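Everything numeric in this text was worked out from a predicted model, so none of it was measured. The figures that follow rest on heavy atoms only: side chains count, while hydrogens, waters and symmetry mates do not.
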Amino acid sequence: MGDWPFLTLTTFLPLVGAAAIMAMRGDEEAVARNARNMALWTSLATFAISLFVWFLFDRSSADFQFVEKHDWFPEYNIAYHMGVDGISMMFVLLSTLLVPICILASWRSITSRVKEYMIAFLVLETMMVGMFCALDYVLFYVFFEGVLIPMFIIIGVWGSGTRRIYAAFKFFLFTLLGSVLMLLALIAMYLEAGTTDIPTLLATDFAPAMQTWLWLALFASFAVKVPMWPVHTWLPDAHVEAPTAGSVILAGVLLKMGGYGFLRFSIPMLPEATADFTPLVFALSVIAIIYTSLVALAQQDMKKLIAYSSVAHMGFVTMGMFTLTTQGIQGSIFQMLSHGIVSAALFLCVGVVYDRLHTREIARYGGLWNNMPRYAIVFMIFMLGSVGLPGTSGFVGEFLSLVGAFQVSTWVATLATIGIILGAAYMLYLYRAVIFGRLEKEDLKRLKDLSPREVAVFAPLVALVFWMGIYPMSFIGVMEASVDRLMAGYEMPVIEDTPPLEVPPLEAPPLETPPLETPAETGDASPTRSPGESAALEREGLGR
């Protein structure tokens with residue numbers, strides 16, 4: 001089955017579903033119902049294929065697998081080149097998992113232009129999966145930029161706030177500006193290496209001066225996507241104005257595009273520049289962890305609080321990967337996966353009560369434990385996962401990132417731990433204000449607990465939080481070989497297959513020592529020499 005184009009099928013199957021929805025005709029209610037069903041089953045089929053790819057994936061190999069390569073622009077040495085390694089495989093799975101969850105979460109909340117909404121999400125899935133599978137820089141750039149279009153439409157058209165158009169344009173302009181600089185880096189690398197093939201670029205040795213400019217250009221693009229402080233301001237606005245499913249994809253996948261870009265381009269291709277700019281990344285990461293955690297403490301909007309917490313958690317990601325240690329990089333990847341699950345689930349928790357009460361103001365809630373116990377338990381699980389409680393997925397990623405940071409700088413690791421304390425403060429504040437207390441407001445008393453559809457949405461996410469926390473090696477084992485290969489560029493090369501240098505043994509010349517004569521033979525009446533005097537005389541003879 002090695003000849004099957006599994007990655008192409010996983011990438012472009014959502015487009016087939018989008019085309020089928022686009023062709024639907026009839027009355028509005030029937031089209032909306034059919035569009036929901038088509039989008040859900042298409043995304044579930046895509047997820048099933050990605051699971052099959054994961055099952056066939058060789059965890060012991062660091063090479064790209066399921067590789068597909070076809071000429072695209074042969075005169076420019078640009079190809080349609082797809083493949084996955086242990087790093088990208090995990091993000092493909094994350095993307096294909098969250099899309100059906102988003103469609104199921106939007107089943108009742110999206111009532112206008114349902115057909116167009118489902119098309120936008122399926123197109124978005126193609127762009128996300130294609131970006132993680134692309135092994136050609138031009139192909140990567142097409143998918144990387146293509147994500148902007150459906151997300152811009154989702155925020156601007158189906159956003160729930162009054163400033164959704166402003167938030168959509170801010171998101172688009174911030175990310176587009178950074179991507180223009182990445183395009184310049186792409187052109188420079190192509191002119192230097194003569195190809196846009198990513199495996200070839202990984203083996204290209206760029207000059208140190210060129211590495212500096214390439215690193216800065218790529219950093220401008222990926223830092224906006226993460227987002228790092230101070231280019232993070234587009235994220236809270238986008239989260240607040242986006243529909244619930246839009247916030248889930250923003251937090252779950254789109255923020256990981258920047259981290260993945262660092263792992264695929266900046267760190268392996270530009271090692272000298274990466275080492276030079278590591279202090280800058282550490283400084284920005286620590287500021288993001290502490291500053292945005294303090295800002296989250298001051299929020300009165302649930303979505304905005306979780307949005308700022310996302311910036312803080314992604315600070316652990318950038319800190320971990322730029323430690324350039326095995327534990328730090330593994331921790332950063334694990335943290336991205338954990339954040340993609342936990343933060344997405346927290347936005348879904350906000351969406352549950354927003355759909356019922358149509359407000360995200362924290363002060364409007366309180367006492368929901370009394371009439372929504374299932375919701376309170378689910379919310380508590382994801383809150384503790386965000387805090388990093390041992391046994392949940394959040395603990396493993398933060399722990400490994402801090403272990404890597406301690407190996408490099410005790411101060412960086414110490415300051416980062418302040419963010420863990422602040423994270424516990426704002427998440428416990430949010431949970432206490434919403435769940436505990438007296439149930440006094442009449443509109444809150446009428447709220448119903450989680451429906452079977454909502455339970456189906458949360459169930460796989462709850463299972464993943466505990467699975468990743470209790471048995472993390474099932475995920476670390478997939479990425480381990482690829483991380484080791486990534487780290488090989490920062491270690492002293494080992495020269496193999498070289499015969500050892502044979503040095504002949506040194507042989508001392510034989511000592512010709514005359515036999516000692518006794519006093520009786522020589523007629524000397526002096527006493528016999530002591531062992532020390534004999535050894536001294538022997539050394540004196542050797543010196544002569």
Side-chain angles (χ1 to χ4, degrees), residues 9-50 92-132 143 146-161 164-165 167-168 171-172 238-239 241-254 340 344-345 347-348 351-352 354-355 451-454 456-458 460-461:
L9 190 60
T10 307
T11 301
F12 294 102
L13 181 59
L15 284 187
V16 177
I21 295 174
M22 192 177 298
M24 290 178 179
R25 297 292 184 270
D27 64 275
E28 185 176 352
E29 184 177 349
V31 168
R33 182 176 62 253
N34 294 333
R36 291 189 184 100
N37 289 324
M38 176 60 72
L40 179 61
W41 287 110
T42 301
S43 60
L44 287 175
T46 304
F47 178 57
I49 296 171
S50 67
V92 170
L93 279 172
L94 180 64
S95 303
T96 57
L97 168 67
L98 290 181
V99 171
I101 288 176
C102 288
I103 292 173
L104 200 57
S106 307
W107 207 262
R108 292 284 179 263
S109 58
I110 301 298
T111 56
S112 63
R113 299 180 180 178
V114 177
K115 174 180 173 180
E116 291 81 3
Y117 181 85
M118 296 301 168
I119 291 173
F121 259 93
L122 291 178
V123 172
L124 180 62
E125 182 174 18
T126 288
M127 297 301 169
M128 293 187 301
V129 174
M131 187 208 67
F132 292 124
F143 287 125
V147 169
L148 296 180
I149 300 173
M151 183 53 66
F152 173 79
I153 295 172
I154 289 170
I155 297 174
V157 176
W158 291 279
S160 56
R164 62 182 185 272
I165 302 299
F171 157 75
F172 190 89
H239 271 310
E241 303 300 326
T244 299
S247 295
V248 169
I249 290 296
L250 268 175
V253 182
L254 264 63
F347 280 114
L348 288 171
V352 166
Y354 180 80
D355 290 341
S451 66
R453 176 182 59 84
E454 291 167 334
V457 168
F458 285 115
L461 302 179

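M151 and G246 make their closest contact through CE-O, 4.0 Å (heavy atoms, listed as atom of the first residue, atom of the second, distance). Between T46 and T10 the shortest heavy-atom distance is CG2-O, 3.4 Å. V92 approaches S50 most closely through the heavy-atom pair CG1-CB, 4.3 Å. Residues A20 and M38 come closest through the heavy atom pair CB-CE, 4.1 Å. For the pair E125 and P14, the tightest heavy-atom approach, listed with the atom from each and the gap, is OE1-CG, 3.5 Å. F152 approaches A168 most closely through the heavy-atom pair CD1-O, 3.3 Å.
Side-chain contact between I249 and M128 is present, with at least one heavy-atom pair separated by less than 4.5 Å. In this structure the side chain of L15 reaches within 4.5 angstrom of the side chain of V123, judged on heavy atoms. By the 4.5 Å heavy-atom criterion applied to side chains, E454 and V352 are counted as neighbours. A 4.5 Å side-chain heavy-atom check between F171 and L254 finds at least one atom pair inside the cut-off. Put simply, the side chain of L348 reaches to within 4.5 Å of the side chain of I101, judged on heavy atoms.
Side-chain atoms of K115 come within 3.5 Å of backbone atoms of M24 as a donor-acceptor pair (strictly under, hydrogens ignored). No donor-acceptor pair closer than 3.5 Å links the side chain of W41 to the backbone N or O of G17. A side-chain donor-acceptor contact under 3.5 Å links R453 to the backbone of L104.
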Item checked: Check against side chain to side chain contact (heavy atoms under 4.5 Å, CB included), V253 and V147 -> CA-CA 11 Å; V253 182; V147 169; over 6 Å; no
Note to self: Quick one, S112 with Y117, criterion side chain to side chain contact (heavy atoms under 4.5 Å, CB included). Give me CA distance, side-chain angles, the key distance, then yes/no.
What the structure shows: CA-CA 9 Å; S112 63; Y117 181 85; over 6 Å; no
Next item on the list: Begin from the C-alpha positions of V114 and V31 and carry the test side chain to side chain contact (heavy atoms under 4.5 Å, CB included) through to its verdict.
Entry: CA-CA 8 Å; V114 177; V31 168; over 6 Å; no
Item checked: Stepwise side chain to side chain contact (heavy atoms under 4.5 Å, CB included) check, F12 with V129 -> CA-CA 9 Å; F12 294 102; V129 174; over 6 Å; no
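Atom SG of residue C102 and atom CG of residue L40 lie 12.0 Å apart, to the nearest 0.5 angstrom. Between the CE atom in M118 and the CE atom in M22 there is a gap of 14.5 Å [rounded to 0.5 Å]. From F121, atom CZ reaches atom OG of S106 across 5.5 Å, with rounding to the nearest 0.5 Å. To the nearest 0.5 Å, atoms CD (E116) and CD1 (I153) are separated by 10.0 Å. Here the CD1 atom belonging to I21 is positioned 5.0 Å from the CG atom belonging to L122, to the nearest 0.5 angstrom. Atom CZ of R33 is separated from atom CH2 of W107 by 10.5 Å, given to the nearest 0.5 angstrom.
Tested against I49 for a side-chain contact (heavy atoms from CB on, under 4.5 Å), the candidates L44, L13, T11 yield a single pass: L13.
Y354 and T244 share no donor-acceptor pair across their side chains, judged by distance under 3.5 Å alone.
Aromatic ring orientation, H239 versus F347: parallel (interplanar angle below 30°, classes split at 30° and 60°).
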